[in-house]
Amino acid sequence: MKTMLRLLPSLLLTLMLALTLSACGQDTERTSRTGEDSPAAVYHWKLITTWPKNLPALGTAPERMADRIREMSDGRLDIRVYGAGELVGAFEVFDAVSRGTAEMGNGASYYWRSKLPIAAVFSSVPFGMTAQEMNGWLHYGGGIELWRELYEPFGLIPMAAGNTGVQMGGWFNREIGSLEDLKGLKMRIPGLGGEVLARVGGVPVTLPGSEVFTSLQTGVIDATEWVGPYNDLTFGLYTVAKYYYYPGWQEPGATIESIVNADAWASLPKDLQAILATAVRFANDDVLAEFTARNAEALQTLVRDHGVMLRAFPPDVLDALRRESAVVVAGLAGDDPLHARILESQAAFTARVRAYHEITEHAYLNARSAPPAEARDGT
Ligand code: CA
């Protein structure tokens, strides 16, 4: 056994050398087989986003993704990223990529609600799945296949390109003590959450990120949800609203989407397709990691340095919102069989993963939060 352990480093070295050599061999073989000695074709793509240019995490992730793709492809796939409004407006990204104005887009599928209401369930469903659960459904539970089927008639290929994790409930300029306080409340809240708010008497407003701060400052809206502490701190929302509510029932794990024009995708050689898909999948993980770390830091800053007042939504408010969420989601099916299949698949996966997470994630988080034994005993 000891001899084996001593030999292990040299065995590993031999293996690595062998792999490197065989990789070199394949390279040479491919070059000689195809006889290519002219420079490889370079693809110049545009990626348009629904986010303000360089918005932390949401805006910077596609920039980093483009950098990685450039590096991995040795410059053969060169993607230039545009913020919202630079080439097209935030809500025009879907159509612009569909018609090929840009080869790629980055946003959230609930921004296409007016065109394709069911698309919202691929971003986030109120009281629905968390980031971890959405990733399970999308990549191992049939979700991504359904998403592709839904976007196929538009000539678009969707991919999951990040997740915010559980968002915050939002910024309010008055306290929410009961359901009554939501009546007539004008709140920036996109997607399905907005419809749920309307059903309990609120007035949802959909605004792109760039207009959120000014609208709250000037009283066009009374409240806004945006993302979480990291993005909300950057926007300075704490300067125009006093109360910061949790949890973000409206977006418990919003998937960021990348959409690729299907013709542009088909024009890429196989290796560039693989590089692109892998870079998007990496971004999917990377964005969640960044949000997890930076949200925790930013929350500390908001509370400690800016005196933000954290408030939990009262249980009866959450009960009403949960009840209405189920009605709104059920209403999405309409009479389209594909839409019904999407909802069925998501509902079945949610039920299954929820039963599992009740005794794992949820039970663990509860256990971790339990007070020490001395406190429980009152000693
Ligand atoms: Ca949000």
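Nothing fancy with the numbering, it's 1 onward along the sequence. Remember, it's 1-based here, ligands and their atoms both numbered in the order they're listed. These figures come from a predicted structure and were not determined experimentally.
Sparse packing is recorded around CG of Asp74, with 12 or fewer heavy atoms of other residues, nucleotides or ligands lying under 6.0 Å away.
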Working note: Glu103 + Tyr43, criterion side-chain hydrogen bond (donor to acceptor under 3.5 Å, both in side chains); need CA distance, chi angles, decisive distance, verdict.
CA-CA 10 Å; Glu103 290 80 4; Tyr43 296 80; over 6 Å; no
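The pair Glu86-Arg80 does not meet the salt-bridge criterion, since no charged nitrogen lies less than 4.0 angstrom from a carboxylate oxygen.
Ring planes of Phe94 and Phe154: perpendicular class, angle over 60° (limits at 30 and 60°). Note on ring orientation: taking the six-membered ring where Trp is involved, the planes of Trp171 and Tyr244 are parallel (angle under 30°, cut-offs 30° and 60°).
Note on the Ca ion (ligand 1): protein N/O/S atoms under 3.0 Å are Gln167 OE1, Glu225 OE1, Glu225 OE2, Trp226 O, Glu251 OE2.
Looking only at side-chain heavy atoms (C-beta outward), Val353 and Trp137 stay at 4.5 Å or farther from each other.
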